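Below: one structure, written as structure tokens.
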Amino acid sequence: MPKGAKVMEAAEKLGRKLAKRAICARIDGELVGLAQSLDKGGEFELLDFEAEPARAIYRHTAAHIMAQAVTRLYPAVKLAIGPAIEDGFYYDFDVPKPFSPEDLGQIEKEMAKIIQANYPIESAIMDRDHAIAHFQREKETYKAELVEDLPPDAKVTFFRQGEFMDLCAGPHLVSTGRVKAFKLLSLAGAYWRGDERRPMLQRIYGTAFDKKSDLDAYLQRLEEQKRRDHRRLGRELDLFSTHEEGGAGLVYWHPKGAMVRQLVEEFWRNVHNQNGYGLVYSPHIAKVDLWKTSGHWQWYKDDMYSPIKIDEAEYLLKPMNCPFHILIYQTQTRSYRDLPLRYAELGTVYRYERSGALHGLLRVRGFTQDDAHIFCRPEQLEDELVRVLELADFMAKSFDYESYDVILSVRDVEDTEHYIGDDEVWEQAEGALVNALKRKELDYELGIGEAQFYGPKIDIILRDALGRGWQGPTIQVDFNLPERFGLGFVGPDGSVQRPVMIHRTVLGSMERFVGGLIEHYGGAFPPWLAPVQVVVLPIADRHHEYAEKVGDELRQAGLRAEVDVRNEKIGFKIRWHEMQKVPFMLIVGDREAETEAVSLRARGEGDQGSVPLGKAMEDISAAAKMPRFS
RNA sequence: GCUGGCGUAGCUCAAUGGCAGAGCAGCUGAUUUGUAAUCAGCAGGUUGCGGGUUCGAUUCCCAUCGCCAGCUCCA
């Protein structure tokens, strides 16, 4: 290709069809727009909508089109930022009057005009000072601030489409007409630069696809997410409720939801007993002094509830279980031979969550953590972390979470205010976590400044059936609490040494975990977790006796079975229990009663035909087995 | 906590300043049913709670509680 030729021309050379679908190119790893000139050679690759970076460019252009439309309709608007995000884009605006949902339709219409006009999108470069002056003149104070943060010698790029020009690093589509399918989805407030002390802007979320059918499929996926919403299923399947009278963020588990939770807990207990944990119970409140020793009073106060006065002493509701497990540790002189000591507890804690953060079962003010604290010698730390990672993996797989993402949260070394303990101790802790992850060959993202006040942590984000992420296991290394409580163990040489603590949960909390499970399974729990595993459906009144007998036998065999003797037709009952997501239905009429048989129906799969009762019970029992750790 | 939206029967939703309604669920009765909704009748409400404007408020205003979408924060 000649120097100065456009990327697009190079693309055409590769093929008409290819060029038509291309959004941008990657030259030596750098993304460039199709309208840009080729000023250097290198490895050349065309990207279409299938490629994530190209998709982001496409949606980013859609965000610009939205900003252009908003600027036309609301001339007083000030623009902030408008990036592409997972599945779409947003743009933040400062407008005198907030948008209403009805405004979105208007904006969409204006966007359609801009797309129709097919304005070419051209880039321009200005030096930093000119750019600042330009934005100050235009009263675009947010844009001016963005440019001011750039280094003094920076060249600032702009993109122009029609009358609209926006500060932007690019690249972009070649013209506005390239956006084929878009939709504005929602409105929200958002702080400028995510800082709650700064102005609240109006954010519009939208999404864009290069095919109408893909947009429709995406919108259908949103519908599917709504159908699986645990708050909706929680009501429809009679699993749990919350009550205005009782207070926000506090959960009431109904018998069926409680059964699911109980099964999760039973499984959890089995696994922990098998894995060398001692299961403990601890109180819900403790004196303020204990929380002063642990540091919670100083470092975690904003998340804790006000003290309760009992006999002149002040007590606090626990936000964490760790100090209690430490007290248990301290009841004996521990030998190096005793370690590691692992205490596990389904411990109910209470934390103050800001009212706007509350959300169904996923964000609540009282919840039960599947907590454990491992006290070990420093040289045991890495092995223990590996064991926890293995346990976490087993737990995830047992609930059909096929994959997960790992985040290593470390302290921000600049921020000395939010963390206790010396640098050396932090480095040691962070190093142990990194080594454990390496040994399990787990890739991870780094979360700087995301650590707990007492130590760094690994967070595991479970990917559900729809590919969404759920906060699951977390593993924290802590050298600080053992120090604060003066914990010790007697070493082989008779000297007293300091143990290390691991705080960990492998599910998260019962509330959040079960909430996630409801959505993951869409309410259709696998047989071992289903609150009702089998329902017996008699055809007519004369079959009730046999149906009850079948129900009794099922229950005798340890299955959770119900008999539906309502005066309804069989079709009604089948529909009802299908919607209640019961895994198995046994239909009994004259034919079955005569031959000690049942007509088996499996959830979602329909009629499986007539089966002898004994065989049906065996099959159902086999399908309903709780997973075991091996 | 902040911004915006919302709160009407158990659930889903109508009624825009003038007698609060429907479907499903519930109850009663009829029907005795063979693989995703049998029919009929009955009952169900201080319109979240408190104040105000008005002859009159589900509707307009203020406050409060709760919910929703985000922001911030997090198991």
Side-chain angles (χ1 to χ4, degrees), chain A residues 90 92 95 97-103 185-205 229 231-232 235-236 238 241-249 302-303 319-321 347 349 351-371 409 450 452 457 459-460 470-474 476 503-513 515-516 537-544 567-579 585-592 599-610:
Chain A
Y90 67 79
D92 285 345
V95 270
K97 200 172 93 192
F99 300 116
S100 73
E102 294 78 59
D103 297 333
L185 298 169
S186 62
L187 289 168
Y191 300 107
W192 169 235
R193 300 198 141 179
D195 184 340
E196 60 185 322
R197 289 163 306 198
R198 309 199 66 176
M200 170 78 62
L201 307 172
Q202 295 302 310
R203 176 173 296 180
I204 303 178
Y205 285 93
D229 190 308
R231 293 163 299 184
R232 174 185 174 144
R235 189 171 51 241
E236 289 174 357
D238 197 16
S241 57
T242 56
H243 299 270
E244 190 172 340
E245 304 90 311
D302 291 348
D303 298 277
M320 294 189 194
N321 304 300
V349 297
R351 298 184 188 173
Y352 172 71
E353 295 289 346
R354 305 209 280 182
S355 60
L358 300 173
H359 182 92
L361 290 180
L362 304 182
R363 198 68 188 279
V364 292
R365 286 179 171 159
F367 56 96
T368 301
Q369 287 181 304
D370 72 298
D371 209 358
S409 297
E450 308 283 316
Q452 289 285 10
K457 61 173 177 173
D459 283 319
I460 293 182
W470 298 86
Q471 171 71 57
T474 123
Q476 303 159 4
H503 308 239
R504 51 108 279 190
T505 131
V506 288
L507 299 178
S509 71
M510 289 305 135
E511 285 73 12
R512 187 173 279 181
F513 190 75
L537 309 180
I539 302 268
D541 289 356
R542 65 178 178 280
H543 310 120
H544 285 187
N567 179 6
E568 295 289 352
K569 293 172 89 160
I570 198 67
F572 175 92
K573 293 185 191 177
I574 287 169
R575 177 180 157 79
W576 174 273
H577 295 287
E578 202 63 61
M579 290 198 308
M585 294 178 217
L586 301 180
I587 293 143
V588 295
D590 291 332
R591 296 199 292 270
E592 290 76 13
S599 176
L600 177 66
R601 197 186 156 95
R603 177 179 60 200
E605 288 171 30
D607 191 2
Q608 307 290 300
S610 188

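None of these values were measured; they are calculated from a predicted model. Residue numbers start from 1 in every chain, and the chains themselves are labelled A, B, ... in the order their sequence lines are given, proteins ahead of strands.
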Quote, to the nearest angstrom, the [atom1] distance that separates [N] from [M].
| N | M | atom1 | result |
| --- | --- | --- | --- |
| B:rG70 | B:rU28 | C1' | 48 Å |
| B:rA14 | B:rG48 | P | 14 Å |
| B:rG21 | B:rU16 | P | 14 Å |
| B:rG18 | B:rU59 | C1' | 11 Å |
| B:rC55 | B:rG41 | P | 44 Å |
| B:rC74 | B:rA36 | C1' | 41 Å |
| B:rU58 | B:rU47 | C1' | 5 Å |
| B:rG10 | B:rA69 | C1' | 26 Å |

[X] side chain vs [Y] backbone, donor-acceptor pair below 3.5 Å:
| X | Y | result |
| --- | --- | --- |
| A:H577 | A:I574 | no |
| A:R365 | A:E353 | yes |
| A:R512 | A:L362 | yes |
| A:E592 | A:G589 | yes |
| A:Q608 | A:G606 | yes |
| A:R601 | A:M585 | no |

*Check the surroundings of atom CZ in A:R197: do more than 12 heavy atoms from other residues, nucleotides or ligands lie under 6.0 Å from it?*
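Count not over threshold, so no.
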Nearest-angstrom distance from the residue atom [atom1] of [X] to [atom2] of [N]:
| X | N | atom1 | atom2 | answer |
| --- | --- | --- | --- | --- |
| A:R601 | B:rA36 | CZ | P | 5 Å |
| A:H543 | B:rU32 | NE2 | C1' | 9 Å |
| A:K569 | B:rA30 | NZ | C1' | 14 Å |
| A:M585 | B:rA36 | CE | C1' | 8 Å |
| A:I574 | B:rU35 | CD1 | C1' | 3 Å |
| A:E568 | B:rC24 | CD | P | 12 Å |
| A:I570 | B:rU35 | CD1 | C1' | 7 Å |
| A:R197 | B:rU3 | CZ | C1' | 18 Å |

*What string of B, S and - do you get for nucleotides 9-14 of chain B 5' to 3' if you count protein non-hydrogen atoms under 4.0 Å?*
--SS--
*Per-nucleotide protein contact string for nucleotides 65-75 of chain B, where B marks a base within reach and S marks sugar-phosphate only (heavy atoms under 4.0 Å, - for neither)*: BSSSSBBBBBB
*Show your reasoning for whether side chain to side chain donor-acceptor pair (under 3.5 Å) applies to A:D590 and A:H543.*
CA-CA 7 Å; A:D590 291 332; A:H543 310 120; 2.6 Å; yes
*Side-chain heavy atoms of A:D459 within contact of A:S409, under 4.5 Å*: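 Sidechains of A:S409 and A:D459: in contact.
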_Nearest heavy atoms of A:E568 and A:K573, plus distance in Å_ =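 So the two residues come closest at O-CE, 3.5 Å.
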*Classify the side-chain pair A:D370/A:T505 by whether it contains a donor and acceptor separated by less than 3.5 Å.*
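Looking only at side-chain atoms, A:T505 and A:D370 do form a donor-acceptor pair, the distance falling under 3.5 Å.
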*Does the ring of A:Y90 carry A:R203 above it, NZ/CZ under 6.0 angstrom from centre and within 45° of its axis?*
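Flagged: A:R203 positioned over aromatic ring of A:Y90.
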*In dot-bracket, 5' to 3', how would RNA chain B read with Watson-Crick or G-U wobble pairs under 3.5 Å, [ ] for crossing ones and | for pairs to another strand?*
(((((((..((((....[..)))).(((((.......))))).....(.(((..]....))).))))))))....
*Just checking A:I587: base, sugar-phosphate only, or nothing, at a heavy-atom cut-off of under 4.0 Å?*
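The answer is base, as A:I587 lies within the cut-off (heavy atoms under 4.0 Å) of a base atom.
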